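Encoded as structure tokens, the structure appears first; notes follow it.
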Protein chains: 2
Amino acid sequence: MTKSISANAFPAHEHDHTVCIADALDSAEQHCVAHQLRFTPLRRQVLEIVWSRHAPIGAYEILDELRNESRAAAPPTVYRALEFLVDHGFVHKIESLNAFVGCDRPDSEHVGQFLICGSCHQVGELDDPEIAKLIAKKAKTVGFDVSHQTIEVRGVCSNCAGENHA
Amino acid sequence: MTKSISANAFPAHEHDHTVCIADALDSAEQHCVAHQLRFTPLRRQVLEIVWSRHAPIGAYEILDELRNESRAAAPPTVYRALEFLVDHGFVHKIESLNAFVGCDRPDSEHVGQFLICGSCHQVGELDDPEIAKLIAKKAKTVGFDVSHQTIEVRGVCSNCAGENHA
DNA sequence: ATCCGTAATGTAATATTATAACATAAAATG
DNA sequence: CATTTTATGTTATAATATTACATTACGGAT
């Protein structure tokens with residue numbers, strides 16, 4: 001069975017963040033061991049900060065958190081850690097927000113399709129091959145050969161839609 | 001017949017820019033008249049600059065052009081004109097580039113799907129309802145109600161793919 | 001035509017996001 | 001343990017975008 005939505009997509013608002021953060025860090029660590037990547041303290045720390053927010057976080061917010069955790073840091077510190085995390089699929093950049101979210105599926109070569117809730121500001125991640133294929137196919141009809149897709153969708157998640165019943 | 005790709009998508013590299021720029025300005029002007037929008041000299045000038053590039057152009061590049069054309073200008077001048085142009089569909093923002101491209105179809109309520117050529121840096125615009133519908137449908141399966149889609153695709157356009165024959 | 005209210009633009013300052021360049025430190029490799 | 005590479009520290013600056021407030025131009029009422 002292929003999951004078409006990430007495990008971290010719009011968890012119930014009350015869910016236990018500590019567990020999913022720990023899972024994500026473990027998963028990243030395992031992936032790094034398996035692929036001979038250096039999961040340094042800084043990279044782990046940045047990934048933990050990203051996950052802790054559980055919503056898109058800006059580079060300078062990460063920087064503030066690092067400093068709160070009494071780590072000497074400047075912008076390049078953060079951007080370099082993010083570059084590593086993005087390159088290896090532990091984090092995605094949301095272009096339309098200039099912000100970053102954690103991804104718990106570093107292994108799959110997925111094209112993230114992001115669902116950005118305008119109410120709770122959390123981001124769910126679809127990884128639907130049908131969407132990717134349709135786009136590639138349509139582009140091909142005009143002779144365009146696709147190498148990468150950026151898909152970011154605004155709207156309202158189910159948790160938030162359900163909360164207006166008052 | 002519904003066109004699924006914009007007239008401005010990847011014209012031959014030798015095409016006559018002056019004509020498409022003039023067409024776009026005329027089209028924008030007509031739209032503004034019809035909708036009681038003020039197509040001021042500044043807005044026209046910015047739109048013309050955007051179209052002249054015929055590829056994504058940054059706000060500060062527009063600013064430089066304005067100044068070249070001996071118009072007093074500061075960043076807000078540009079960003080406000082762009083806001084108007086984007087709001088009314090004369091220009092789209094390419095989020096992944098922090099840059100802007102002209103659109104020649106202000107009327108249609110289209111969700112632009114942008115094809116960004118990594119070689120010539122031009123941008124084609126698909127406006128394919130199937131893609132939009134599929135995304136909305138897939139999002140719905142996880143309870144997400146879509147209001148806006150940002151779709152930006154990297155790759156190589158047909159003109160550029162054909163140019164490597166040496 | 002003149003006044004008035006609104007919308008657009010001018011202007012100065014500053015916020016936010018991101019990178020360049022070079023120095024230092026830590027780790028992997030032979 | 002010496003060497004090479006990779007990662008991080010540090011300073012400065014580039015690139016993108018907005019806030020706040022002053023001024024001007026426009027559109028509608030009289």
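Here is the naming used below: chain letters follow the sequence lines, and residue numbers restart at 1 for every chain. Here the structure is a predicted model, which means the values were calculated and not measured.
Of the side-chain N and O atoms in B:Thr40, one or more sit less than 4.0 angstrom from OP1 or OP2 of C:dT9. Remark: B:Arg38 is not in phosphate contact with C:dA7, judged by side-chain N or O atoms under 4.0 Å from OP1 or OP2. A:Arg71 has no side-chain polar atom (N or O) that falls below the 4.0 Å cut-off from OP1 or OP2 of D:dT8. Neither OP1 nor OP2 of C:dT16 sits under 4.0 Å from any side-chain N or O of A:Asn98.
With a 4.5 Å cut-off on side-chain heavy atoms, A:Lys140 and A:Asp145 count as touching.
You'll find the ring centres of A:Phe100 and A:His92 outside the 6.0 Å limit. The aromatic ring centroids of B:Phe90 and B:His31 lie less than 6.0 Å from each other.
Residues from residues 74-83 of chain B lying near DNA chain C, meaning a heavy-atom separation below 4.0 Å, are B:Ala74, B:Pro76, B:Thr77, B:Arg80 in numerical order.
Following rounding to the nearest Å, A:Lys93 (NZ) and C:dT17 (C1') show an atom-to-atom distance of 8 Å. The distance from atom CD1 of B:Ile62 to atom C1' of D:dA15 is 14 Å, rounded to the nearest whole Å. For the pair B:Leu63 CG and D:dT18 P, the computed distance is 15 Å after rounding to whole Å. The nearest whole Å value for the distance from the CZ atom in B:Phe39 to the P atom in C:dT9 is 11 Å. The distance between atom CG of A:Leu47 and atom P of D:dA7, rounded to the nearest whole Å, is 16 Å. One atom, CD of A:Gln36, and another, C1' of D:dA7, lie 17 Å apart when rounded to the nearest Å. A straight line from CZ of B:Arg43 to P of C:dG10 spans 11 Å, rounded to a whole angstrom. The distance between atom CG of B:Leu37 and atom C1' of C:dT6, rounded to the nearest whole Å, is 16 Å.
For the side chain to side chain contact (heavy atoms under 4.5 Å, CB included) test, residues two or more places apart in sequence or in another chain that qualify with B:Ser52 are B:Ile21, B:Glu48.
Between B:Leu97 and B:Pro56 the shortest heavy-atom distance is CD1-CG, 3.7 Å. The shortest non-hydrogen separation linking B:Gly58 to B:Ala99 is N-CB, 4.2 Å. Across A:Asp127 and A:Arg105, no two heavy atoms sit closer than the pair CB-NH2, 3.3 Å.
No option in B:Gln30, B:Arg44, B:His88 other than B:Arg44 meets the side-chain contact (heavy atoms from CB on, under 4.5 Å) test with B:Phe39.
Taking for each of A:Leu42 and B:Leu97 the nucleotide of DNA chain D with the nearest heavy atom, the 5'-most of the two is the partner of A:Leu42.
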For this session: Please assess A:Val50 against A:Arg53 for the test side-chain contact (heavy atoms from CB on, under 4.5 Å), listing each intermediate value before the final yes or no.
Result: CA-CA 6 Å; A:Val50 170; A:Arg53 174 68 57 102; over 6 Å; no
Seminar exercise, completed: Applying the Watson-Crick and G-U criteria (both distances under 3.5 angstrom) with [ ] for crossing and | for other-strand pairs, one obtains for DNA chain C ||||||||||||||||||||||||||||||
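A donor-acceptor contact under 3.5 Å is formed by the side chain of A:Tyr60 with the base of C:dA18.
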